[in-house]
Amino acid sequence: MIHKSETTFITDRQTLEDLNLLGKYKTGSLFNLFNRVKTRGGELLLESMFRSPLTSSAAINERSEKIRYLQSLPVVLDIEWDRTEDASQYLTERRPSNKLSSYFGCYREKAQEVLYRSDKFRLQQKNIHAIQETLFSASQLLGALIRSEKSGNPLKASQERLAKILNAEELKQIKAKYPYTVGQTAHLQFLFLNKYRHEIDELLHLLYELDVYLSVADTARNKSFIYAEALEENTEDVTLLSVSNLKHPSLHGAVGNPLSLTQKQNLLFLTGANMAGKSTWMKTLGVSFYLAHMGFPVAASSMRFRVMEGIFTSINVPDNISIGWSHFYAEVMRVKQVSQEVGSGKRLFILFDELFKGTNVKDAYDATLAVTQRLARYSNCAFVISTHIIEVGDALKEIPSIQFKYMPTVMEGAVPTYTYRLTDGITEDRQGMIIIDNEGIFEMLE
């Protein structure tokens, strides 16, 4: 579990997999949706952001403002992937104690190249060139930021720090061209590994951050995403989550839906037939809630939310043959784990898709009813619970903190179709036998 401190956003592997959040090489992952970075350092920072959503409304809104600001500018980072990687690697080299040490070391490496065909001097030059190219790319980016700067620039501090590093007199005066002479190599080695080592390391980290923000801004621009508003902690607003036209960010042509969860009505009881869109809607809510806590854009017309301490989902809970857990027992243990977190008083967003589907209908009815009744009491949390057992909804109607919505099925003759639009109430759709009959299964068994 990701749970390092009281201020760390908490979740777990099951949730990350349910929502398909991580994975550079995983098809359809949210990480890949936003991964348009130009540097390895930027990619690592993006992954770190995905693993550590923010838990402060100020920090969330500040990051959103930075990304939104860059989205409005005609600015790009023009740099080759391996340049910053070589530059970063070079900064791990031993620091020369003084200029004389740099000159002595470089002349020794040059002699070794001539006498023994050593490649140390060539690698030294290659890495120095990578830093020089990185400085040039950073200078181009800074120039573009300055030329297109707008009032209320939320990146002003980063921009000024970048300018201070790049305007250091000795860095500005670098005119040497690759490949360098031995003397030029020694001089640049001393500047980069000794005198300006800390500044260049800071510059790299500034570039990585801007790289990530530009990548996310590019995705938001291309997808027409918006930025959610994190509500201030001291507000009297009872809103937990309020969205309009919310869609899954990875689905082309998805149908948008609204939803409002408050401290007075904090549990959504969701029903609908198979294939009606319940699971997709729950993943949409989970993904958007997670991205909003990162300060990243979401696929919606608007979104406001109370900052929570974490999210847990139970959508695709597998059995565990290695330790003897059946599917039902794995579901029970998942509910137990989440209940412990909810019962501890944390502010959480909980998504349960088809509770207790691994057992018989009677037990599933009783368990779903009992668990839902108890969860609804925790007004500091937000819950979405879906089920096929629509009779549970009738037993919950008197609880004021529960709202009921369903995904409808529309019959076109004998063929079910789906609107994917949330509708108030509890479904009465029962098309399972129709779908089975449409597939000709009974005829096959004649």
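Remark: side-chain polar atoms of Glu309 are paired, donor with acceptor, to backbone N or O of Arg347 under 3.5 angstrom. Checked by atom type and distance alone, the side chain of Asn20 pairs as donor or acceptor with a backbone atom of Gly28 at under 3.5 Å. Between the side chain of Gln132 and the main chain of Ala176, a donor-acceptor pair closer than 3.5 Å is present. With hydrogens and angles disregarded, no donor-acceptor distance shorter than 3.5 Å links the side chain of Thr427 to the backbone of Gly272. Counting only distance, with no hydrogens or angles, the side chain of Thr239 and the backbone of Ser242 share no donor-acceptor pair below 3.5 Å.
The two residues Val307 and Ala230 have their closest heavy-atom pair at CG2-CB, 4.0 Å. Heavy atoms only, all atoms of each residue included: Thr134 and Leu204 are closest at CG2-CD2, 3.8 Å. Contact between Leu369 and Leu396 at its shortest, heavy atoms only, is CD1-CD2, 3.4 Å. Contact record, Leu270 with Tyr406: CD1-CA, 4.1 Å, taken as the closest heavy-atom pair. Here the shortest heavy-atom pairing between Thr92 and Arg197 reads C-NH2, 3.7 Å. The two residues Ala87 and Ile131 have their closest heavy-atom pair at CB-CG1, 3.6 Å.
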Candidate pair Asn61 and Ser64, rule side chain to side chain donor-acceptor pair (under 3.5 Å), full reasoning: CA-CA 5 Å; Asn61 290 331; Ser64 291; 5.2 Å; no
ring-ring contact (aromatic ring centres under 6.0 Å, His included) assessment of Tyr180 paired with His187: CA-CA 10 Å; Tyr180 315 110; His187 174 67; over 10 Å; no
Salt bridge (charged side-chain N to carboxylate O under 4.0 Å, His left out) evaluation trace for Arg334 with Asp12: CA-CA 11 Å; Arg334 182 60 175 168; Asp12 62 3; 2.4 Å; yes
Intermediate values then yes/no, side chain to side chain donor-acceptor pair (under 3.5 Å), Glu341 and Gln337: CA-CA 7 Å; Glu341 297 287 353; Gln337 177 192 4; 5.5 Å; no
Leu135 vs Phe192, side-chain contact (heavy atoms from CB on, under 4.5 Å): CA-CA, chis, key distance, verdict: CA-CA 11 Å; Leu135 291 171; Phe192 296 160; 4.0 Å; yes
Working for side-chain contact (heavy atoms from CB on, under 4.5 Å), residues Leu166 and Leu171: CA-CA 7 Å; Leu166 291 169; Leu171 294 181; over 6 Å; no
Criterion salt bridge (charged side-chain N to carboxylate O under 4.0 Å, His left out) on Glu65 and Arg68, from CA distance to verdict: CA-CA 5 Å; Glu65 283 304 309; Arg68 191 204 313 260; 3.0 Å; yes
CA sep, side-chain torsions, deciding dist, call: Phe9, Tyr290, ring-ring contact (aromatic ring centres under 6.0 Å, His included): CA-CA 10 Å; Phe9 189 91; Tyr290 197 94; 5.7 Å; yes
Audit row: Lys38, Glu80, side-chain contact (heavy atoms from CB on, under 4.5 Å) steps and yes/no: CA-CA 7 Å; Lys38 304 290 185 64; Glu80 294 182 19; over 6 Å; no
Derivation and outcome, side chain to side chain donor-acceptor pair (under 3.5 Å), residues Asp78 and Ser137: CA-CA 6 Å; Asp78 184 14; Ser137 294; over 6 Å; no
CA sep, side-chain torsions, deciding dist, call: Lys126, Asp86, salt bridge (charged side-chain N to carboxylate O under 4.0 Å, His left out): CA-CA 8 Å; Lys126 176 175 175 288; Asp86 289 343; 2.8 Å; yes
Verdict with supporting geometry, Leu30 and Leu19, side-chain contact (heavy atoms from CB on, under 4.5 Å): CA-CA 8 Å; Leu30 269 294; Leu19 302 179; over 6 Å; no
Derivation of the side chain to side chain donor-acceptor pair (under 3.5 Å) call for Asn266 and Ser379: CA-CA 6 Å; Asn266 65 317; Ser379 61; over 6 Å; no
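Scored by the ring-ring contact (aromatic ring centres under 6.0 Å, His included) test, Tyr69 finds no partners at all (sequence neighbours excluded). The salt bridge (charged side-chain N to carboxylate O under 4.0 Å, His left out) check on Arg374 picks up nothing, with sequence neighbours excluded. By the salt bridge (charged side-chain N to carboxylate O under 4.0 Å, His left out) test, Asp201 pairs with no residue at all, sequence neighbours left out. Annotation: ring-ring contact (aromatic ring centres under 6.0 Å, His included) contacts of Phe352 (sequence neighbours excluded): none.
Interatomic distance, Leu70 CG to Ser72 OG, rounded to the nearest 0.5 Å: 7.5 Å. Note: Ser29 OG to Leu16 CG = 11.5 Å, rounded to the nearest 0.5 Å.
The residue from Gln159, Lys156, Gln140 that alone fulfils the side-chain contact (heavy atoms from CB on, under 4.5 Å) condition with Leu145 is Gln159. Across Gln125, Lys120, Gln189, Gln124, a single residue satisfies side-chain hydrogen bond (donor to acceptor under 3.5 Å, both in side chains) together with Glu109, and that is Gln124.
Side-chain contact between Gln265 and Ile402 is absent, with no heavy atoms from C-beta onward closer than 4.5 Å. Proximity of Leu22 to Arg51: side-chain heavy atoms (C-beta onward) are separated by under 4.5 Å at one or more points. At a threshold of 4.5 Å between non-hydrogen side-chain atoms, the residues Leu206 and Arg161 count as touching. Leu162 is not listed as a side-chain neighbour of Glu202, based on a closest heavy-atom distance of 4.5 Å or more. Asn380 places none of its side-chain heavy atoms less than 4.5 Å from the side chain of Arg306. Counting heavy atoms from C-beta outward, Glu43 and Trp81 have side chains that approach closer than 4.5 Å. The side-chain heavy atoms of Ile60 and Thr55, taken from C-beta on, include no pair separated by under 4.5 Å. A 4.5 Å side-chain heavy-atom check between Leu268 and Ile385 finds every atom pair outside the cut-off.
Between Tyr418 and Tyr420, the ring-plane angle classifies as tilted under the 30° and 60° cut-offs. The aromatic rings of Phe289 and Phe349 lie tilted to each other, with the angle between the two planes from 30° to 60°.
Residue pairs meeting the ring-ring contact (aromatic ring centres under 6.0 Å, His included) criterion with at least one partner in residues 204-226, sequence neighbours excluded, are His205-Tyr208. For the ring-ring contact (aromatic ring centres under 6.0 Å, His included) condition, the pairs that include at least one residue of residues 263-283, sequence neighbours left out, are Phe269-Phe404.
Salt-bridge annotation for Glu354 and Lys278: present, with a side-chain N of the basic residue lying under 4.0 Å from a carboxylate O of the acidic one.
Heavy atoms of other residues, nucleotides or ligands lying less than 6.0 angstrom from OH of Tyr365 number more than 12. No more than 12 heavy atoms of other residues, nucleotides or ligands lie within 6.0 Å of NZ in Lys164, so this atom counts as exposed by the packing criterion.
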